[in-house]
Amino acid sequence: MNRNHNAWSDHDLERFIDDDLAPDARERLGEALRADASLRARLAAIIEADATIRAALLQAPTAGRTAPPSGVGRAGSLRRWGMGLAAAAAVALAAIGALRLRAGSKPDVSAPIAAAPEPDASTSLLAMARTEGILIASAPEGSARPRPARPEREPTPEEALLALLERDELSAALAMLQSQPSGAESDGLWAAFGRRLTSGRAAQEALLALPPERQIDACRAWAAHPSLRPATFEWLARLGASGDESVRRAVAALRLEMHARPELRPWLLSYAGASGPEPRQN
Amino acid sequence: MTSRLQPDQPHDWSALAERLRRCASALAGRGRGDLADDLVQDTVARLLSRGGDPPSYAYARAALVRLYLDHHRGAARRAARALRWAASVQRRSPETSADVDGGALERALDRLSPLQRAALTLRLVEDLPTGAVAEALGASERVVRASLHTARVKMRAMLSEGGEP
């Protein structure tokens with residue numbers, strides 16, 4: 001039916017979301033989605049539009065970026081919403097496909113999960129990031145100077161994490177993330193970390209350095225951010241196919257938790273059969 | 001997914017009516033609570049008249065959707081011209097043209113055919129798979145797929161252009 005990635009129509013993508021494709025077509029489209037960032041962006045745009053339509057049918061606003069702007073009722077708000085949709089799609093595209101990281105508090109980016117921790121994974125990640133230029137640069141351009149000291153108070157955990165990232169101390173940053181107990185504060189740190197990454201691959205590489213339970217924590221936190229969802233759910237699907245039963249159980253529990261959030265249900269549905277890309281083998 | 005995960009058998013008639021209300025509201029549209037109420041009450045009345053315990057939610061929902069389609073078929077025949085005239089007057093009025101909010105979304109939904117709107121409701125609100133939507137609508141899966149696609153294309157066009165579909 002469809003021989004290349006450009007041949008997938010919106011109707012095909014809708015049927016993918018509806019879980020209405022034949023198994024072989026679904027598998028081929030899944031492969032195409034993993035390989036083609038623009039196709040993923042189209043899928044994300046359709047899912048976002050579906051969420052908006054659903055909200056309109058229910059006559060209730062949705063959460064996050066899936067909701068129409070707060071200016072509902074004012075002229076032009078829908079035009080802005082349309083632009084927002086385009087922006088969301090563009091961010092999703094950048095989140096997964098781009099291999100270059102940007103600096104500062106730019107778009108959220110996501111990443112998936114993967115297999116076992118490697119003892120020197122963060123070191124190799126940092127080396128790879130430096131040599132390939134795909135990671136991180138957390139400091140805004142032109143602001144390479146260290147931040148002024150703040151002797152008057154202890155830095156918050158988020159500030160400490162960001163300071164580590166600014167100094168390219170990725171190993172320490174990952175260790176800090178691992179040491180945080182799960183909870184709201186941990187979610188905030190994961191979100192802050194995600195905002196410093198602008199590439200799905202970079203996030204994937206970072207998560208490769210973490211044990212699966214921490215990857216699940218990251219998925220929980222990053223699912224709250226629409227631009228992080230494509231890669232997050234892709235890797236969540238992969239974790240769900242893990243050979244480790246405890247990981248599968250944890251993923252199932254997280255999916256149930258996510259199911260209570262209407263804005264995440266289309267994502268759960270559309271990634272129900274996806275297994276995600278293979279993790280990098282070190 | 002919600003409906004798939006929840007027990008399909010309501011505990012009693014009031015629980016059944018309460019669950020039907022959301023679907024009816026989505027079908028009837030904003031500001032048409034009276035139509036939604038009528039749809040729910042007529043559905044429950046029909047089911048009650050058959051006697052016995054409350055049926056499954058899926059069965060009741062199918063009855064509700066059929067009532068909705070029947071309502072539109074009759075109403076459309078009776079009032080198509082009047083509605084088109086009223087809609088054209090509304091579109092021209094400055095008050096309406098300034099209201100490009102939920103109103104635009106709602107108008108776009110209103111311009112879908114009853115079948116398209118019902119298909120969208122069952123798919124996106126009730127989260128039914130295509131086969132179940134087709135069963136509830138009494139249509140083929142092919143018709144349902146076409147209706148869903150057409151409806152989504154119209155709605156996305158409206159969203160991307162920020163105006164009328």
Side-chain angles (χ1 to χ4, degrees), chain A residues 9-15 17-21 42 45-62 66-89 255-256 258-262 264-270 272, chain B residues 1-2 4-5 22-23 25-33 36 94 97-110 112 117-131 133-134 141 144-146 148-164:
Chain A
S9 66
D10 284 353
H11 195 189
D12 293 327
L13 294 174
E14 290 165 5
R15 291 184 65 188
I17 294 166
D18 292 347
D19 198 17
D20 190 35
L21 283 176
R42 284 171 56 200
I46 290 173
I47 291 173
E48 295 280 352
D50 275 1
T52 305
I53 297 166
R54 181 180 186 276
L57 284 166
L58 289 171
Q59 303 162 40
T62 51
T66 55
S70 57
V72 163
R74 293 193 296 269
S77 61
L78 274 182
R79 186 171 300 281
R80 288 194 295 275
W81 171 230
M83 294 167 66
L85 265 184
R255 282 181 169 145
L256 271 180
M258 289 174 165
H259 188 270
R261 298 163 61 182
L264 298 184
R265 288 178 193 159
W267 291 92
L268 289 169
L269 180 67
S270 62
Chain B
M1 270 180 287
T2 303
R4 283 177 222 153
L5 292 180
R22 185 178 75 155
C23 183
S25 296
L27 289 168
R30 191 193 305 264
R32 294 178 201 147
S97 63
D99 177 27
V100 196
D101 60 326
L105 268 175
E106 186 60 30
R107 281 197 299 279
L109 285 170
D110 285 346
L112 302 177
R117 182 167 185 141
L120 266 188
T121 298
L122 293 175
R123 176 68 202 93
L124 299 181
V125 176
E126 296 293 311
D127 205 18
L128 294 183
T130 304
V133 174
E141 291 192 12
V144 168
R145 287 189 193 104
L148 279 172
H149 178 59
T150 306
R152 280 166 152 158
V153 166
K154 287 180 181 175
M155 295 303 294
R156 285 201 297 269
M158 190 282 296
L159 285 170
S160 63
E161 292 165 14
E164 303 299 321

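It should be emphasised that the depicted structure is a prediction, and the values quoted were computed from it without experimental measurement. So you know, we letter chains A, B, ... as the sequences are listed, proteins then strands, and number each from 1.
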Indicate yes or no: does A:Asp18 engage B:Arg152 in a salt bridge with an N to O separation below 4.0 Å.
yes

Side chain to side chain contact (heavy atoms under 4.5 Å, CB included) for A:Glu14 and B:Arg156? Distances and angles first, verdict last.
CA-CA 12 Å; A:Glu14 290 165 5; B:Arg156 285 201 297 269; 2.7 Å; yes

Is it the side chain or the backbone of B:Leu120 that comes within 4.5 Å of chain A heavy atoms, both, or neither?
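Both backbone and side chain.
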
Is there side-chain contact between A:Leu58 and B:Leu124, with at least one heavy-atom pair below 4.5 Å?
no

Between A:Asp10 and B:Val153, is any pair of side-chain heavy atoms under 4.5 Å apart?
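No; the side chains remain at least 4.5 Å from each other.
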
Approximate separation, where rounding is to 0.5 Å, of [X] [atom1] and [Y] [atom2]:
X	Y	atom1	atom2	result
B:Met158	A:Thr52	CE	OG1	8.5 Å
B:Leu148	A:Ile17	CG	CD1	11.0 Å
A:Leu57	B:Arg117	CG	CZ	5.5 Å

